[in-house]
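The structure appears below as structure tokens.
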Number of protein chains: 2
Amino acid sequence: MDLLSHAFGVHYGDLAAATAQVGLTTSQANTLSVLRGGPAPMRSLAAVLACDASNVTGLVDRLEKRGLVRREPSPVDRRVKNVVLTAEGERTTEEVRGLMATTRAGLGALSGEDREELLRLLTAVFGERSGGAAG
Amino acid sequence: MDLLSHAFGVHYGDLAAATAQVGLTTSQANTLSVLRGGPAPMRSLAAVLACDASNVTGLVDRLEKRGLVRREPSPVDRRVKNVVLTAEGERTTEEVRGLMATTRAGLGALSGEDREELLRLLTAVFGERSGGAAG
DNA sequence: TATTGTTATACTCTATAACTATA
DNA sequence: TATAGTTATAGAGTATAACAATA
């Protein structure tokens, strides 16, 4: 358990460094990561991000101000606003993913077998991965 | 990598839930966790927690206000204040550890062999664990 | 009536810069 | 001069409560 905590701490450091490198917070990067799966209403974002809806307003405000996302009115429900990645938002999202993929050298050093084994064990403990929600 | 992010997200949720259950934030719990290894000057805390020293002031302020830690003047350097866990601080720290140990059912369901294997792989990727710093 | 998104408010975390007491 | 801790300030994340528009 202590080892798990340590691993998570290291990973969080990796993530914070990668996102800071493109001028984002981890929450902002996480939001972009969710939107990589397609547009989502504010309310859905709040559910996936496991935070209050009022929080998403500010989060999207800041991302929108940087031109990374865009609010679009829903064609079917005038209460709803869909949040969409802009072209620059997509680019930035992939940039963070690229940084994360190359940061942790130890992961690349694993043999194919070991990597599969790690995947199996993590899935057994933490369940299936669903979207791209990073944390 | 997506799987790693997912696992970390789940683990962070576990940690946030466990700490919230005793009325702490993850940063506060993390601070207590570090102090479990013994008293530490404000400056050392900042180094271990990887944050600015000014930050630690507020962090310790709030923990002290709740009676979980205590500031003690260093006998050898009058500039230094050592932060020490109080009895209640120790109790709370162990409570969080207990909650974390029992929360993730999948971990307990692993065989002894699998657990050793997971330990080996995580160490290979993220390095040795040092203290009890959770994150 | 219920739901979506927003605003107002408050607390925590975080960093930078300036300050004090001490070394 | 340099270091330890604090304070002032600011921005970001977070939650609760109240609100307008829409369903």
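Naming convention: chains lettered A, B, ... in sequence-line order (proteins, then strands); numbering from 1 in each chain. Everything quoted here is computed from the prediction, not taken from an experiment.
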Under 3.5 Å, N/O pairs linking protein and nucleotides 7-11 of chain C:
none

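Legend: salt bridge (charged side-chain N to carboxylate O under 4.0 Å, His left out) pairs involving residues 6-15 of chain A, not counting sequence neighbours, sorted by first then second residue: A/Asp14-A/Arg104. Screening residues 80-90 of chain A for side-chain hydrogen bond (donor to acceptor under 3.5 Å, both in side chains) gives no qualifying pairs among residues at least two apart or on separate chains.
Atom CG in B/Leu59 sits about 10 Å away from atom C1' in C/dT14, given to the nearest Å. As a whole-Å value, the separation of A/Leu45 CG from C/dT4 P is 13 Å.
Residues from residues 74-85 of chain A with heavy atoms under 4.0 angstrom of DNA chain D, sorted by number: A/Asp77, A/Arg78, A/Arg79.
Qualifying side-chain contact (heavy atoms from CB on, under 4.5 Å) partners for B/Glu116, counting only residues two or more places apart in sequence or in other chains: none. Qualifying side-chain hydrogen bond (donor to acceptor under 3.5 Å, both in side chains) partners for A/Arg79, counting only residues two or more places apart in sequence or in other chains: A/Asp77. For B/Gln21, the side-chain contact (heavy atoms from CB on, under 4.5 Å) partners are B/Leu99, not counting sequence neighbours. Evaluation of the salt bridge (charged side-chain N to carboxylate O under 4.0 Å, His left out) rule for B/Asp52 yields no partner, not counting sequence neighbours. With sequence neighbours left out, B/Glu95 forms a side-chain hydrogen bond (donor to acceptor under 3.5 Å, both in side chains) with B/Arg91. The side-chain hydrogen bond (donor to acceptor under 3.5 Å, both in side chains) test applied to B/Gln28 returns no partner, not counting sequence neighbours. For A/Arg71, the side-chain hydrogen bond (donor to acceptor under 3.5 Å, both in side chains) partners at least two apart in sequence or on another chain are A/Asp61, A/Glu64.
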B/Arg70/B/Glu72 under salt bridge (charged side-chain N to carboxylate O under 4.0 Å, His left out): CA gap, chis, key distance, verdict: CA-CA 6 Å; B/Arg70 201 174 51 242; B/Glu72 288 187 351; 2.9 Å; yes
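In this model, the phosphate group of C/dT6 is not approached by any side-chain N or O of A/Arg43 to a distance below 4.0 Å at OP1 or OP2.
Along DNA chain C, the nucleotide nearest to B/Ser27 and the one nearest to A/Pro41 differ in position, and the one closer to the 5' end is contacted by A/Pro41.
On the nucleic acid side, DNA chain D contacts chain A at distances under 4.0 Å to non-hydrogen atoms, with the end points of that region at D/dA12 to D/dA23.
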